[in-house]
Amino acid sequence: MPQPQIRELSPVLGAEVLGVDLSSRLDEKTVEFLRASFDDRGLLLFRDVDIDRTRQYYLSTILRGHEPPSEVDSKSGAERQGNFWISNKEPDAAAPFGRLLFHCDGMWSGEPFEVLSLYAVDVQPPVIPTAFVSSIYAWETLPDVLRRRVEGLHAEHVTGPEYIHERRRLAFGDELSQPVRDTSPSSTLPVVHRHPRTGKTVLYVTQGMTKGIAELSSEESEDLLEELFDHLYRSFAVLRHEWRNGDLILWDNMAVQHARPNVTTSGPTRTLRKIGLPVPTSAEAQQVQVYQRVS
Ligand SMILES: O=C(O)CCC(=O)C(=O)O
Ligand SMILES: [Fe+2]
């Protein structure tokens with residue numbers, strides 16, 4: 001039996017896992033290894049795998065630190081996710097077109113997903129990548145002057161590019177044209193907070209979902225956010241994943257932000273199977289999930 005190993009994907013975050021057979025349930029030692037690697041690197045990649053939605057659900061669940069679900073629970077858990085796709089071709093898929101600025105799914109709802117995963121079912125060239133950055137690394141490397149400016153502040157998070165600051169929105173022209181929603185839920189959270197599972201400090205603002213800093217005027221807020229975004233998204237910190245069919249990526253949605261360049265419905269097929277855990281319980285979060293299947 002090959003031993004599980006990881007290969008770092010960048011100096012900052014992410015690891016490819018080698019030597020793990022995903023076709024059956026994992027033993028305790030392998031689960032421990034995957035959890036530790038996940039908490040350390042924030043994102044795991046498996047290549048050339050052939051898994052169904054049930055197995056994808058099982059893997060996402062064990063990384064949350066919960067008891068591994070039984071086969072029956074994995075199956076019903078996967079079913080509760082419904083037909084959740086990120087695709088420019090599948091009917092009723094989420095985010096069928098447009099650019100997605102960096103965000104954490106559900107950060108606007110007070111019930112962000114803990115673990116997200118995408119599995120490349122059908123991705124045709126030229127491939128449109130997904131980009132990732134670590135909000136933990138961003139905090140660890142944030143210059144002291146900026147740390148002092150953000151500590152104690154709170155940020156409001158929203159869903160839908162129509163609600164972010166105009167200066168930011170206009171910079172991306174038409175590419176942000178996701179459909180307008182009929183609700184605009186938001187949540188206000190500390191800019192600097194502890195990751196609920198690992199206890200690591202997170203710089204919790206994103207270009208795509210943070211509307212502004214509650215304690216500052218709109219312009220002051222945007223000036224400060226621009227400085228934070230320059231730091232968060234500097235090219236050294238960004239991991240760009242060029243999808244291949246059979247790639248499975250699982251990431252920690254509260255530690256790692258994700259984004260993608262523009263996708264068009266007339267462009268090459270790009271179909272990714274998605275799992276988001278846990279499924280939100282509040283009616284508001286579910287309503288938005290069902291309404292638009294937005295990220
Ligand atoms: O299309 C992508 O690359 C990412 C989509 C996304 O934001 C998500 O799956 O939450
Ligand atoms: Fe997303």
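If you read the sequence from its start, that first residue is 1, and numbering goes on from there. All of these numbers come straight from a predicted model, not from anything done at the bench. Values below: all heavy atoms of this structure, side chains included; hydrogens, waters and symmetry mates excluded. Indexing begins at 1, ligand by ligand and atom by atom, following the structure's order.
- Shown in contact with Thr130 at under 4.0 Å from a heavy atom are these atoms of ligand 1, numbered in order with element: 2 (C), 3 (O).
- Checking Ser135 against Gln257 by side-chain atom types alone, a donor-acceptor pair falls below 3.5 Å.
- Annotation for ligand 1: atoms under 4.0 Å from non-hydrogen atoms of His258 are 6 (C), 7 (O), 8 (C), 10 (O).
- The Fe ion (ligand 2) lies closest to atom OD1 when only the N/O/S atoms of Asp105 are considered.
- Taking every non-hydrogen atom of His103 and a distance limit under 4.0 Å, the qualifying atoms of ligand 1 come out as 7 (O).
- The atom of His258 nearest to the Fe ion (ligand 2) is NE2, with the search restricted to N, O or S atoms.
- Taken together through direct or relayed side-chain contacts under 4.5 Å among Ile, Leu, Val, Met, Phe, Trp and Tyr, Ile62 and Ile6 form part of one hydrophobic cluster.
- Looking at His103 and the Fe ion (ligand 2) together, the shortest N, O or S contact belongs to NE2.
- For ligand 1, the atoms sitting less than 4.0 Å from at least one non-hydrogen atom of Asp105 are 10 (O), numbered in the order shown with element in parentheses.
- By the 6.0 Å and 45° rule, Arg35 does not stack over the aromatic ring of Phe38.
- Of the options Leu272, Leu101, Leu100, Val263, the smallest heavy-atom separation from atom 5 (C) of ligand 1 is shown by Leu100.
- Classification of the Tyr137-Phe236 ring pair by plane angle, with boundaries at 30° and 60°, yields tilted.
- Close contacts of ligand 1 with Leu118, meaning ligand atoms under 4.0 Å from a residue heavy atom, involve 9 (O).
- Counting side-chain heavy-atom gaps under 4.5 Å among Ile, Leu, Val, Met, Phe, Trp and Tyr, the cluster of Phe229 also holds Phe102, Val133, Trp139, Leu142, Leu146, Val150, Leu153, Val191, Val192, Leu203, Val205, Ile213, Leu216, Leu224, Leu225, Leu228, Leu232, Tyr233, Val238.
- Inspection of the Glu219 and His165 side chains reveals an N or O donor paired with an N or O acceptor under 3.5 Å.
- The N/O atoms of Trp243, backbone and side chain alike, include none that comes under 3.5 Å of an N/O atom in ligand 1.
- By the 6.0 Å contact criterion, CZ on Arg147 is enclosed, its count of non-hydrogen atoms from other residues, nucleotides or ligands being greater than 12.
- Counting non-hydrogen atoms of neighbouring residues, nucleotides and ligands closer than 6.0 angstrom, the CD atom of Glu166 reaches no more than 12 such neighbours.
- Distances from atom 9 (O) of ligand 1 to the heavy atoms of Lys274, Arg99, Arg260 put Lys274 nearest.
- No N or O atom of Trp251 sits closer than 3.5 Å to an N or O atom of ligand 1.
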